[in-house]
Amino acid sequence: MATIALLHGPNLNLLGQREPHIYGSAALADYEAAVVAAAAQHGHTVVAFQSSHEGDLVDAIHRARTDADAIIINPGAFTHYAWSLHDALAAFTGPVIEVHISNPNAREPWRHTSVVSPVATGSIVGLGMHGYELAVDAVTRRLAAS
Ligand code: CA2
């Protein structure tokens with residue numbers, strides 16, 4: 001079936017180790033496993049990648065142009081200012097779902113802007129792990145309709 005690129009940005013490798021009141025106690029590996037399990041229900045494969053380096057994420061998005069059918073991305077703090085991710089995602093032709101564990105719109109004002117949202121098919125915020133499962137459903141529906 002389809003290949004989904006699951007991309008995580010800076011500091012998300014620390015999930016479960018700090019700030020559990022905001023991000024919960026699950027580790028990044030738990031999020032990746034949940035996406036793999038949700039994707040497997042639809043016969044999809046997941047390629048997971050995390051980096052705290054903007055250029056490495058740009059390269060991963062470029063790789064997805066040939067190696068993946070859809071992208072699920074939590075760009076971390078890059079969400080709010082990394083126009084290079086905006087441009088790279090704009091060059092990806094498949095569905096792009098932006099996911100945030102917390103709801104940035106309910107936090108500090110500087111988190112209220114996403115430079116990724118304008119080039120995302122859709123954004124899911126504030127639903128924790130469930131948001132990632134919904135992202136897999138969204139990708140599945142979008143790919144089936146295309
Ligand atoms: O809610 C989200 O998923 C965010 O993308 C998380 C980013 C934040 O900058 C965005 O505004 C919203 C921060 C990720 C930092 O993750 C940590 C996890 C554990 C300990 C420290 C940082």
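Whatever order the structure lists ligands and atoms in, that order sets their numbers, starting from 1. Nothing here was measured: the structure is a model prediction, and the numbers come from that model.
At least one heavy atom of N74 sits closer than 4.0 Å to an atom of ligand 1. Using a non-hydrogen distance threshold of 4.0 Å, R111 registers as a contact of ligand 1.
Here the heavy atom of the protein found nearest to atom 13 (C) of ligand 1 is Y23 OH, 3.2 Å. In terms of protein heavy atoms, atom 14 (C) of ligand 1 is closest to L12 CD2, 3.7 Å. Remark: minimum distance from atom 15 (C) of ligand 1 to any protein heavy atom is reached at N11 CB, 3.7 Å. With respect to atom 20 (C) of ligand 1, the closest heavy atom belonging to the protein is R18 CB, 3.3 Å. Here the heavy atom of the protein found nearest to atom 2 (C) of ligand 1 is I101 N, 3.4 Å.
Residues R142 and P95 approach most closely at CB-CG, 3.7 Å, considering heavy atoms. When every heavy atom of N11 is checked against every heavy atom of Q50, the shortest pair comes out as N-NE2, 4.1 Å. Nearest heavy atoms, P104 versus R111: CB-O, 3.3 Å. Considering all non-hydrogen atoms of both residues, A34 and M129 come closest at CB-SD, 3.5 Å. Here the closest non-hydrogen pair linking L143 and A2 is CD1-CB, 3.5 Å.
In this structure, the ring pair (Phe, Tyr, Trp, His ring centres under 6.0 Å) partners of Y132, at least two apart in sequence or on a different chain, are H8, Y31.
Considering both main-chain and side-chain atoms, H100 comes within under 3.5 Å of ligand 1 through a nitrogen or oxygen pair. Between E19 and ligand 1, a contact under 3.5 Å exists for no N or O pair. Where the criterion is an N or O separation shorter than 3.5 Å, residue side chain and backbone included, S102 meets it with respect to ligand 1. For ligand 1, the polar-atom distance check finds no N/O of G16 at less than 3.5 Å from any of the ligand's N/O atoms.
Contacts between H80 and ligand 1, counted as non-hydrogen atom pairs separated by less than 4.0 Å, involve the side chain only.
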May I have the list of side-chain donor-acceptor pairs in residues 58-67 shorter than 3.5 Å, sequence neighbours left out?
{"residue": "R65", "atom": "NH1", "partner": "A91", "partner atom": "O", "Å": "2.5"}
{"residue": "T66", "atom": "OG1", "partner": "R63", "partner atom": "O", "Å": "3.1"}

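The backbone N or O of I124 sits nowhere less than 3.5 Å from a side-chain atom of E98 that would complete a donor-acceptor pair.
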